[in-house]
There are 2 protein chains.
Amino acid sequence: MYSIGELSKRTKVKVPTIRYYEEMGLLSEPERTEGNQRRYDAAGLERLSFIKHARDLGFSIEAISKLIELQGHPDRSCQAASEIAVSQLSDVRAKIKRLRALEKELVRISKGCDGAGVSQDCYVLASLADHKLCRHEH
Amino acid sequence: MYSIGELSKRTKVKVPTIRYYEEMGLLSEPERTEGNQRRYDAAGLERLSFIKHARDLGFSIEAISKLIELQGHPDRSCQAASEIAVSQLSDVRAKIKRLRALEKELVRISKGCDGAGVSQDCYVLASLADHKLCRHEH
DNA sequence: GTAGTGTCTCTAGTAACTAGAGGTTCAAGA
DNA sequence: TCTTGAACCTCTAGTTACTAGAGACACTAC
């Protein structure tokens with residue numbers, strides 16, 4: 001049996017976050033000691049590792065909830081799980097695309113100004129003030 | 001003079017968001033009609049366009065505050081503005097890097113499962129449960 | 001004058017935590 | 001067995017950048 005701190009160390013999930021996951025229904029309520037402290041078993045540890053890994057991959061709490069539900073029904077089709085993963089992937093790709101466009105624009109803006117001048121002539125400020133100076137859409 | 005709705009249309013910033021920016025100190029308090037409604041002038045419009053553009057580029061409210069402060073002092077060195085832009089750029093690059101790693105991992109996970117099987121054998125779920133199945137760090 | 005739309009303030013909600021207060025429990029050493 | 005200090009408990013509130021809704025008032029066109 002692990003205390004919440006022990007679980008935290010093993011999974012690298014902070015203690016208040018573990019309690020938060022419990023409140024959100026991602027973790028089921030663990031046993032308690034006589035003194036009301038949480039004690040987790042191996043299943044709890046595994047479950048939390050799953051959550052941590054999915055969060056690291058950017059899955060939302062909601063998506064993780066659905067995945068956990070599926071885990072609980074091994075006989076059910078895994079189409080939903082596949083869909084969640086694919087949707088997460090397209091999310092990530094959309095974000096990358098957008099960030100690339102921003103990167104280009106920021107490079108252009110930053111290059112125009114070395115920080116040596118005064119704010120009146122600053123290219124950074126001018127670029128932000130006037131969208132027409134931009135080369136790309138964003 | 002523009003009403004808040006007029007300003008919203010021209011800048012594509014939603015009305016409640018404009019009020020929010022005012023509350024946050026990004027926009028100075030505009031004149032009011034006798035009936036207490038906001039009326040903006042050209043300077044207000046320009047300022048809001050600046051904010052909108054910077055937000056679209058991912059600058060935080062805090063960063064924008066600093067940039068606006070600089071705009072107000074045309075004689076001051078623009079080093080701070082340059083630093084903010086550069087830091088924003090490295091932020092964006094870090095995010096891209098991380099997202100690329102996630103993309104790779106998600107592609108791998110998704111490929112392993114076509115959604116046809118049952119959840120018990122689902123590669124998506126197995127991958128999430130066991131970090132050791134991952135090829136990359138994240 | 002009245003109808004309909006726009007605007008006002010205020011409160012509360014979102015996602016996914018994080019921080020802090022004030023109090024209790026546990027485990028190890030004396 | 002007692003004590004001490006770290007770990008734990010619950011609860012509330014704060015974070016970022018908004019968004020939604022309630023209930024009331026203002027403005028504009030007919």
Side-chain angles (χ1 to χ4, degrees), chain A residues 1-27 29-40 44 47-48 50-68 84 87-88 91-92 95 98 102 138, chain B residues 1-27 29-40 44 47-48 50-68 84 87-88 91-92 95 98 102 138:
Chain A
M1 301 296 270
Y2 315 110
S3 70
I4 196 168
E6 189 61 29
L7 208 67
S8 169
K9 253 183 231 156
R10 283 167 189 260
T11 57
K12 312 229 151 98
V13 176
K14 285 180 194 147
V15 168
T17 304
I18 298 175
R19 290 197 273 251
Y20 171 73
Y21 288 159
E22 182 183 323
E23 203 182 304
M24 293 299 101
L26 290 189
L27 287 172
E29 292 183 20
E31 289 177 41
R32 301 271 184 149
T33 62
E34 297 237 323
N36 199 33
Q37 300 195 354
R38 291 168 178 81
R39 284 302 118 98
Y40 297 89
R47 164 76 62 94
L48 184 55
F50 178 93
I51 296 169
K52 161 81 167 153
H53 193 188
R55 284 294 302 136
D56 283 348
L57 285 167
F59 287 84
S60 69
I61 298 279
E62 206 195 330
I64 296 172
S65 271
K66 288 184 198 156
L67 292 171
I68 285 176
I84 290 171
S87 134
Q88 177 63 17
D91 255 37
V92 165
K95 275 183 196 151
R98 190 177 138 68
L102 298 190
H138 49 250
Chain B
M1 302 295 270
Y2 315 110
S3 70
I4 197 169
E6 189 62 28
L7 207 67
S8 169
K9 255 183 228 158
R10 283 168 189 260
T11 56
K12 315 232 150 96
V13 176
K14 284 178 195 149
V15 168
T17 306
I18 298 176
R19 290 197 274 253
Y20 171 73
Y21 288 159
E22 183 183 323
E23 203 182 302
M24 294 298 102
L26 290 189
L27 287 171
E29 292 184 17
E31 289 177 40
R32 300 273 184 148
T33 63
E34 298 236 324
N36 198 34
Q37 300 194 355
R38 291 167 178 82
R39 284 302 116 100
Y40 297 89
R47 165 75 64 93
L48 183 55
F50 178 94
I51 295 169
K52 160 81 167 153
H53 193 187
R55 284 295 299 136
D56 283 349
L57 286 167
F59 288 84
S60 69
I61 297 280
E62 206 195 330
I64 296 172
S65 272
K66 287 185 199 154
L67 291 171
I68 285 175
I84 291 171
S87 133
Q88 177 63 18
D91 254 36
V92 165
K95 275 182 195 152
R98 189 176 139 69
L102 297 190
H138 48 251

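Bear in mind that the values here come from a model prediction, so they are computed numbers and not experimental data.
For residues 15-26 of chain A, every residue pair satisfying the side-chain hydrogen bond (donor to acceptor under 3.5 Å, both in side chains) rule, not counting sequence neighbours, is listed here: A/Glu22-A/Arg38.
Contacts of residues 10-19 of chain B with DNA chain C (heavy atom under 4.0 Å): B/Arg19. Residues of residues 31-40 of chain A having a heavy atom closer than 4.0 Å to DNA chain C, listed by number: A/Thr33, A/Gly35, A/Gln37. Contact check of residues 60-67 of chain A against DNA chain D (heavy atom, cut-off under 4.0 Å) returns no residues at all.
In this structure, A/Tyr21 does not reach the C/dA16 phosphate: none of its side-chain N or O atoms is under 4.0 Å from OP1 or OP2. A/Ser3 has no side-chain polar atom (N or O) that falls below the 4.0 Å cut-off from OP1 or OP2 of C/dC26.
Taking every heavy atom of both residues into account, A/Ala63 and A/Ile84 meet most closely at CB-CG2, 3.9 Å. Nearest heavy-atom pair across A/Leu26 and A/Ser65 is CD2-OG, 3.3 Å. Heavy-atom minimum distance, A/Val15 versus A/Gly5: CG2-CA, 4.1 Å. Shown here for A/Arg39 and A/Thr33, the closest heavy-atom pair between the two residues is NH1-CG2, 3.4 Å.
When the C1' atom of C/dT5 is taken as reference, atom CD of B/Glu6 falls 14 Å away, rounded to whole Å. A straight line from CZ of A/Phe59 to P of C/dA16 spans 13 Å, rounded to a whole angstrom. Atom CE of A/Met24 and atom P of C/dC17 are 10 Å apart (whole Å). C/dC17 atom C1' lies 15 Å from atom CD of A/Glu22, rounded to whole Å. Regarding B/Glu23, its CD atom lies at a distance of 10 Å from the P atom of C/dT9, rounded to whole Å. We find that NZ of B/Lys9 is positioned 11 Å from C1' of C/dT5, with the value rounded to whole Å. Regarding A/Ile51, its CD1 atom lies at a distance of 13 Å from the C1' atom of C/dA16, rounded to whole Å. Rounded to whole angstrom, the span from the CD1 atom of A/Ile4 across to the C1' atom of C/dT24 amounts to 15 Å.
Atom CG in A/Leu27 sits 11.5 Å away from atom CZ in A/Phe50 (nearest 0.5 Å). For the atom pair CE of A/Met1 and CD of A/Gln37, the computed distance is 12.5 Å after rounding to the nearest 0.5 Å. Atom CD1 of residue A/Ile64 and atom CZ of residue A/Arg55 lie 5.5 Å apart, to the nearest 0.5 angstrom. In this structure, B/Arg10 CZ and B/Leu48 CG are separated by 12.0 Å, a value rounded to the nearest 0.5 Å. To the nearest 0.5 Å, the span separating CZ on A/Phe59 from OG on A/Ser87 amounts to 8.0 Å.
Remark on DNA chain C: of its neighbouring residues B/Gly5 and A/Tyr20, the 5'-side contact belongs to B/Gly5, judged by nearest-heavy-atom nucleotide.
Shown here are the side-chain contact (heavy atoms from CB on, under 4.5 Å) partners of A/Glu62, two or more places apart in sequence or in another chain: A/Ser60, A/Lys66.
Rounded to 10 degrees, the angle separating the terminal axes of the helix from C/dG1-D/dC30 to C/dA30-D/dT1 is 10°, with each axis obtained from five end pairs.
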* Should A/Ile51 and A/Thr11 be marked as a side-chain contact (heavy atoms from CB on, under 4.5 Å) after you check the CA-CA gap, both sets of side-chain angles, and the distance that decides it? -> CA-CA 10 Å; A/Ile51 296 169; A/Thr11 57; over 6 Å; no

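In this structure, A/Glu31 places its CD atom where only 12 or fewer heavy-atom neighbours from other residues, nucleotides or ligands lie under 6.0 Å away.
Taking the side chain as every heavy atom from C-beta outward, A/Leu57 and A/Val92 never approach each other to under 4.5 Å.
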